[in-house]
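Step one of this worksheet: look at the structure below.
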Amino acid sequence: MRILQLHCDSIEYTPTKKEIKSAEDIENPQTQRLEELVVVFVAIEDGDDSSVAQNAITQIKNSMEKIGCKKLLLYPYAHLSSNLAKPSTAMSLLKEMESGASELEVSHSPFGWTKSYKLQVKGHPLAESSKVVTKDSESKDTEITSDALKGESTIRSYWKILSPDGTLTNIGDFDFSNHKKLEILAKYESAKSRAVDQPPPHVALMKKLGIADYEPASDSGNMRFFPNGRLIKSLIERYVTDRVKEYGGYEVETPIMYDSEHPSMVSYFNRFPARQYNIDSEGKKLFLRFAACFGQFLMANHFQLSYKNLPYKLYELTRYSFRREQSGELVGLRRLRAFTMPDCHAFCKDIPQAVDEIKVRFDLSQSVLRELGIEESDYEMAIRFTEDFYNGNKSSIEELVKKHGRPVLVEMWKEKFFYFVLKWEFNFIDNLGKASALSTDQIDVENGDRYGIEFIDENNSAQHPIILHNSPSGAIERIIYALLEKAAKDSKEGRKAQLPLWLAPTQIRIIPLNEEFYDFCEKLTDRLSANNIRVDIDDRNGSIGKRIRDAEKEWIQYILVIGEKEANSENLSVRDRQTGNVKEISFDDFLTEINNQTKEKPFTGLNMPKHLSKRPQLMV
RNA sequence: GCCAAUGUAGCUCAGCCUGGUUAGAGCAACUGAUUUGUAAUCAGUAGGUCGUGGGUUCGGAUCCCGUCAUUGGCUCCA
C-alpha cells in the first residue's frame, strides 16, 4: 500500500464520472468541501491484506495525533502505484481503514470515480509525508521509525526500559512514577513531545556572569568566551584531559579540516552524510571536522600495532569540532555549531576486550561527571544496541545498568545500521525538561576496516580492531550549560546559586573599608595567592554594602572585609556566601577549608585585573 | 530548514496597536562630593543613524515587504 499524507487547510472535490464498472455508488455526486483535515491519498496494491490496512491506519493516526488534527479524508488514488490490487479488495480494505479510525471524524471520497479537486496544503514540515506499508513492516512492540538519515532507508527502533535486575520492559508497560526524569528522557527520545515557552535559564546566566555570549559577526552557534568563561572552560578541559591521561589515553592533535575526496573519507561520507562546514581551497573540497574520529583513525593507520599493544587509546580535545546543526536547534551553550569535545578512542582486539574496556570507561565517565559537579541524579542513561549484540552480551549490558543503579532507556535495533553495535550515553535533564547527552561510549565494528587500521594477532595474521568512541564528559560547553542550569535550579528552589569553588573565576574577594587599609589588603592578597587561590581586591570607591552586593552578584563564595579590626587581628573575618554569615577563622584553617574544595583539581591564576578599579564592566 | 514571537543607549526595558516637537527611565560608565562595617551614598555629565535593506507617506521607532540575529515549537541530533 502506498500512501501520501497531506495536512491541509481545506480540500474541495467533485466526482465527475465513474471510471470503472465496479465504482462505488453514491447518491449525490456533489462538490464536497472539508477544512482543517488530513487528506490521505491511498493506493492499495496487489498482496495487501487486512493487516496492512490496520498497520497503515495506525501509522496515520499516530502522525495525526502528533500534529493535533482530528479530521481525516481517505482519498483512493490509483496513480501512486502500478501494481494495484483488485478493485473489490481495494474497496474493502479502504472501508476497513475507515472503520479503524472511528474515533476520528473520518470519511472517504468515492472509489472508482474521476474527481476534480482543489486543495490547500499547510506549510509546516510534518504537513507532507509519504509511506509504503507492506506486510512485513508490521511489528508487535512499541515502535517508532526514526529518520536516522534523511532520504535513506529507515531503521526501526524498539524502545524499552532495562532495569538493574535485568528485566526488559516495553516502554508502555513501565511504571515511571519513581523515575520522572527517565520518563522525560523516554518521551523526549521516543515521542518527541515537549512544551516549553521560556528560554533556558543558563542563557541569561552565561551573559551575566561574563562567561560567554553570541558573536553576531560569526555564524550562529559559534560563541565568544570572555575571560571568566575562558578560565572556566580551560579548567574543565584540563581536568578532563588529566583524567583521560590517567586512564591511559595518549593525547594527540589532528587537523581540523579534511579532504572529502580523500579515499578514506569517501566511503564514510557516502554512508553518513553529515551537516558539515565546507571550504573550497585550491580545488580541494575540504570540510571542518565534526568529530575527532577520522584524525585519530588516519593516525592509527600508520601505527604498527600488535595484539600485545591493545587496548591502545588515543585522545584528543578538539577545539573545535564543527557541526552545522539546523539553525533552529541552536540554544545558548546546549547546542552549538562549534564545540570543544574530548574524544578518546580505544583500539581493541576483539569484542570481549572491547566489552571489558567499555566498563572501565563507564566508571571513568561517571567519576569525571561527579567531580565536575554533575551528580548521578542529574542525568539519565540511555543504551542502544542491536538485538544480536544484546543476546550475546546480556550480562555485560546488565552490568552497565547496575553501575548506573537505576532503570535505563533502551533503543534496540533488529539489525545494525550505524557503524556501532552498542552505544550508551548519559543525558542531562535540565530545568525545562530538555535532555542532552553528556558522556557517551560506542562499540564500533566498522571503522577499523574502513580506515585500514590493522594489528597483528597471536597467529601472525592481520586483523582490524574494534574501536571504542568515548567522551567521558561530553562537550565542555555543555558541561558549563549543565552547571549553570543546576545553579539556576538551586536559585529557583531557594538555595544560593554557585559554581564549584575550583571553577570560580574569583574565589576570594577582599574589600578594604577605605584607602587606609590598601597596603594590608595587598599583602593579604599576596599571601593567599601564593597558595594557589584566585583573590581580587575591590578597591573602588563605594559603600561596603554596594561592594558586598556586587560580589554576591558574581557568586563569589568568600568575602573578606578589611578594616581596623581585621588589620590588627591574627585571624580572618570571612563572609561565606552560602550562609551569609561572617565567621572568624585562622589563616591556616581557611586555607584548609579552601583546599578541601579544590584539591586534585587544576588551578590557574586570575584571568582579570586583580584590582576591580582596573576592570572593565562587562555588560552583556 | 519550517512556523511563531522578539530586536530601541554598554545592560534591562518603556514608547509602536491608534504615524506628528529635541526618542524616555533605571543600572553601568565618566566628573565631583562622600571614606563608608557585610546585598544598592548623593549630585551632575555624556551616551541612541530605534537590528538591517527597501517601500508607502508631506512626515516612519511606529504601517507594509525583504533580510539577519535571538528565543519558543517542529524537524534534526551518526
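Chain A is the first sequence line, chain B the second, and so forth, proteins listed ahead of strands; every chain is numbered from 1. Note that this is a predicted model, so its numbers are computed, not measured.
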Do [X] and [Y] have side-chain atoms, one donor and one acceptor, less than 3.5 Å apart?
X	Y	answer
A:E316	A:T254	yes
A:S471	A:D343	no
A:Y214	A:N222	no
A:R577	A:Q498	yes

Mutual orientation of the aromatic rings belonging to A:F294 and A:F290 [parallel < 30°, tilted 30-60°, perpendicular > 60°] | perpendicular

Below 3.5 Å, does any donor atom in the side chain of A:R323 face an acceptor in the base of B:C77, or the other way round?
->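 Answer no: no donor N or O sits under 3.5 Å from an acceptor.
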
Any strand counts, and the cut-off is 3.5 Å on both contacts for Watson-Crick or G-U wobble. Which nucleotide pairs with [N]?
N	answer
B:A4	B:U71
B:C16	none
B:C30	B:G44
B:G66	B:U52

Any A:K434 side-chain nitrogen or oxygen under 4.0 Å from OP1 or OP2 of B:G73 |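 Yes, because at least one side-chain N or O of A:K434 sits under 4.0 Å from OP1 or OP2 of B:G73.
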
Is A:P616 touching bases, backbone alone, or none of the nucleic acid, heavy atoms closer than 4.0 Å?
-> nothing

Taking the side chain of A:F290 as its heavy atoms from C-beta onward, which of B:G1, B:U70, B:A78 lies nearest to it?
-> B:A78

Taking the side chain of A:Q326 as heavy atoms from C-beta outward, which of B:U71, B:C76, B:A78 is closest to it?
-> B:C76

Per-nucleotide protein contact string for nucleotides 46-52 of chain B (B base, S sugar-phosphate only, - none; heavy atom under 4.0 Å) | -------

Protein-to-nucleotide contact annotation, 5' to 3' order, nucleotides 29-39 of chain B [B base; S sugar-phosphate only; - none; under 4.0 Å, heavy atom] = S----BBBBBB

Note: A:D536-A:K610 ion pair, threshold 4.0 Å (strictly below) = no

Checking ring-ring contact (aromatic ring centres under 6.0 Å, His included) against A:H469, which of A:Y315, A:Y419, A:F420 comes through?
->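 Checked A:Y315, A:Y419, A:F420 against A:H469; only one passes ring-ring contact (aromatic ring centres under 6.0 Å, His included): A:Y419.
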
If you draw a 6.0 Å radius around CD in A:E493, do more than 12 non-hydrogen atoms from other residues or ligands fall strictly inside?
->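 Counting neighbours around CD of A:E493, more than 12 heavy atoms of other residues, nucleotides or ligands fall under 6.0 Å, so yes.
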
Only one of A:K489, A:E485, A:H202 forms a side-chain hydrogen bond (donor to acceptor under 3.5 Å, both in side chains) with A:N431, so which one is it?
-> A:E485

5' priority, RNA chain B, between A:R335 and A:Y214 [closest heavy atom] =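 So the residue in question is A:Y214.
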
